[in-house]
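What follows is a single structure, written as structure tokens, with notes after it.
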Amino acid sequence: MTDAAPTIDPQHTALLVMDYQQAIVGMIEDSDALVARAAQAIDLVRGQGGHVGYVRVAFTDADLQDIPPTSRMGARIAAGPQAFHDDSPSTQIDERVAPRDGDMIVRKTRVGAFSTTNLAQQLSERGIDTLILAGISTSGVVLSTVRDASDRDYALYVLSDATADREASVHACLMEQVFPRQADVITVAELDGLLSSS
């Protein structure tokens with residue numbers, strides 16, 4: 001986090017919980033601690049009157065049929081399409097960080113949170129200009145969303161300890177060298193301080 005990082009106005013802020021789905025959470029070591037920190041961040045944002053949004057990747061039958069043969073994502077999905085289906089238990093959000101009534105929920109069919117969703121519209125309708133990102137994986141949805149959200153001029157925070165990747169070295173590189181160019185990288189404990197002082 002930079003010394004000049006502003007406080008966070010909860011009324012114009014959304015915590016995006018990205019790809020905290022049953023199957024994806026299960027691929028991360030020490031996932032219980034990771035989910036607990038994400039739940040803590042959710043409680044902090046809710047407690048200060050901020051918004052919470054959820055992003056999940058899942059495909060309908062029509063979505064699966066529309067994936068072009070050039071898609072690398074499509075090639076991975078083709079090996080077991082039912083695991084990626086909208087109705088599959090593996091694509092549902094982990095119940096420990098489950099959405100509540102009034103939360104934003106978007107279903108995506110690509111890696112980033114924006115490109116195949118109406119997320120930008122939902123954020124605009126709520127007057128949100130600041131995003132706090134938590135997600136799995138750092139090199140997937142988090143990287144893609146940081147880049148896209150930065151181009152859309154959101155103020156950005158990435159929760160380093162509520163974000164994870166199967167490759168620890170990749171996670172560290174992104175947090176230490178890449179993300180600070182577009183976002184403030186903070187911990188859940190630091191989030192508490194930024195929200196409480198606003």
Side-chain angles (χ1 to χ4, degrees), residues 1 15-42 52-59 63-64 67 70-99 105-117 119 131-150 156-191:
M1 186 174 86
L15 167 61
L16 296 184
V17 182
M18 302 183 296
D19 293 11
Y20 263 78
Q21 297 167 226
Q22 306 262 359
I24 298 172
V25 168
M27 296 188 302
I28 299 298
E29 288 185 26
D30 200 16
S31 62
D32 288 343
L34 176 71
V35 173
R37 289 189 295 271
Q40 181 185 357
I42 291 167
V52 179
Y54 292 83
V55 181
R56 57 186 283 262
V57 59
F59 296 79
D63 294 329
L64 292 168
I67 299 175
T70 54
S71 170
R72 287 196 176 193
M73 176 179 244
R76 291 194 303 272
I77 292 168
Q82 286 310 116
F84 293 90
H85 199 276
D86 186 29
D87 295 333
S88 171
S90 65
T91 65
Q92 306 309 307
I93 297 166
D94 190 295
E95 62 183 13
R96 295 170 291 178
V97 289
I105 303 173
V106 297
R107 182 181 63 84
K108 63 190 176 91
T109 58
R110 292 297 182 272
V111 178
F114 286 98
S115 68
T116 59
T117 74
L119 178 59
L131 301 179
I132 304 163
L133 305 180
I136 308 168
S137 66
T138 316
S139 60
V141 64
V142 182
L143 174 59
S144 291
T145 303
V146 164
R147 293 291 198 192
D148 200 343
S150 178
L156 291 173
Y157 295 83
V158 178
L159 295 176
S160 61
D161 55 349
T163 300
D165 197 277
R166 287 189 287 181
E167 298 292 337
S169 61
V170 171
H171 175 84
C173 176
L174 289 168
M175 290 295 172
E176 296 166 11
Q177 300 183 41
V178 178
F179 290 166
R181 299 172 187 170
Q182 286 90 31
D184 285 296
V185 177
I186 62 174
T187 64
V188 172
E190 289 171 319
L191 173 64

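The structure displayed is predicted, hence computed values, not measured ones. Reckoned from all heavy atoms, side chains included, excluding hydrogens, waters and symmetry mates.
- Counting all heavy atoms, side chain and backbone alike, Ala78 lies closest to Pro81 at O-CD, 3.5 Å.
- Using a 4.5 Å heavy-atom cutoff, the side chains of Leu119 and Leu16 are in contact.
- In this structure, Arg56 contributes its side chain and Asp86 its backbone to a donor-acceptor pair below 3.5 Å.
- At least one side-chain heavy atom of Phe179 sits under 4.5 Å from a side-chain heavy atom of Val142.
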Pair Thr138-Val170, side chain to side chain contact (heavy atoms under 4.5 Å, CB included): steps then yes or no: CA-CA 8 Å; Thr138 316; Val170 171; 5.9 Å; no
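- With contacts defined as side-chain heavy-atom distances shorter than 4.5 Å, the pair Leu34/Glu29 does not qualify.
- For Ala39 against Val97, the heavy-atom pair with the smallest separation is N-CG1, 3.8 Å.
- Arg37 places a side-chain N or O within donor-acceptor distance of the main-chain N or O of Asp161, the cut-off being under 3.5 Å.
- A distance of 11.0 Å separates SG of Cys173 from CE of Met175, quoted to the nearest 0.5 Å.
- Distance alone, capped at 3.5 Å, is enough to place a donor-acceptor pair between the Ser160 side chain and the Ile186 backbone.
- Judged by distance alone, the side chain of Gln177 and the main-chain N or O of Leu174 form no donor-acceptor pair under 3.5 Å.
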Derivation of the side chain to side chain contact (heavy atoms under 4.5 Å, CB included) call for Ile28 and Arg166: CA-CA 6 Å; Ile28 299 298; Arg166 287 189 287 181; 4.0 Å; yes
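- Using a distance-only test at 3.5 Å, with no hydrogens or angles considered, no donor-acceptor pair links the side chain of Ser144 to the main chain of Val141.
- Counting heavy atoms from C-beta on, the side chains of Leu131 and Tyr157 never come closer than 4.5 Å.
- Heavy atoms only, all atoms of each residue included: Pro99 and Ile105 are closest at CB-CD1, 3.7 Å.
- Using a 4.5 Å heavy-atom threshold, the side chains of Thr163 and Val158 count as touching.
- The CG atom of Asp148 sits 11.5 Å away from atom CD of Gln182, with the distance rounded to the nearest 0.5 Å.
- Checked by atom type and distance alone, the side chain of Gln21 never pairs as donor or acceptor with a backbone atom of Asp94 at under 3.5 Å.
- Not a single donor-acceptor pair under 3.5 Å links the side chain of Ser150 to the backbone N or O of Val146.
- Enclosure of atom CZ in Arg107 by more than 12 non-hydrogen atoms of other residues, nucleotides or ligands within 6.0 angstrom is indicated.
- In this model, no donor atom of one side chain and acceptor atom of the other lie less than 3.5 Å apart for Asp63 and Thr109.
- Residue Phe59 forms a side-chain contact (heavy atoms from CB on, under 4.5 Å) with just one option from His85, Met73, Lys108, and that option is Met73.
- Nearest heavy-atom pair across Tyr20 and Ala134 is CE1-C, 4.2 Å.
- Looking at every heavy atom in both residues, Leu191 comes nearest to Ala41 through CD2-CB, 4.0 Å.
- Between Glu190 and Val185 the shortest side-chain heavy-atom distance does not fall below 4.5 Å.
- Separating the OG atom in Ser115 from the CZ atom in Arg110 is a distance of 7.5 Å, to the nearest 0.5 Å.
- Using modelled atom types, one side-chain atom of Thr117 and one backbone atom of Ala113 make a donor-acceptor pair closer than 3.5 Å.
- For Tyr54 (side chain) and Ala98 (main-chain N/O), a donor-acceptor pair under 3.5 Å exists by modelled atom type.
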Steps toward side chain to side chain contact (heavy atoms under 4.5 Å, CB included) verdict (Leu156, Asp184): CA-CA 6 Å; Leu156 291 173; Asp184 285 296; over 6 Å; no
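- Between Thr145 and Val55 the shortest side-chain heavy-atom distance does not fall below 4.5 Å.
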Verdict with supporting geometry, Leu133 and Leu159, side chain to side chain contact (heavy atoms under 4.5 Å, CB included): CA-CA 6 Å; Leu133 305 180; Leu159 295 176; over 6 Å; no
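- Between the Ser137 side chain and the Ala164 main chain, no donor and acceptor come within less than 3.5 Å of each other.
- In this structure the side chain of Val25 reaches within 4.5 angstrom of the side chain of Ile136, judged on heavy atoms.
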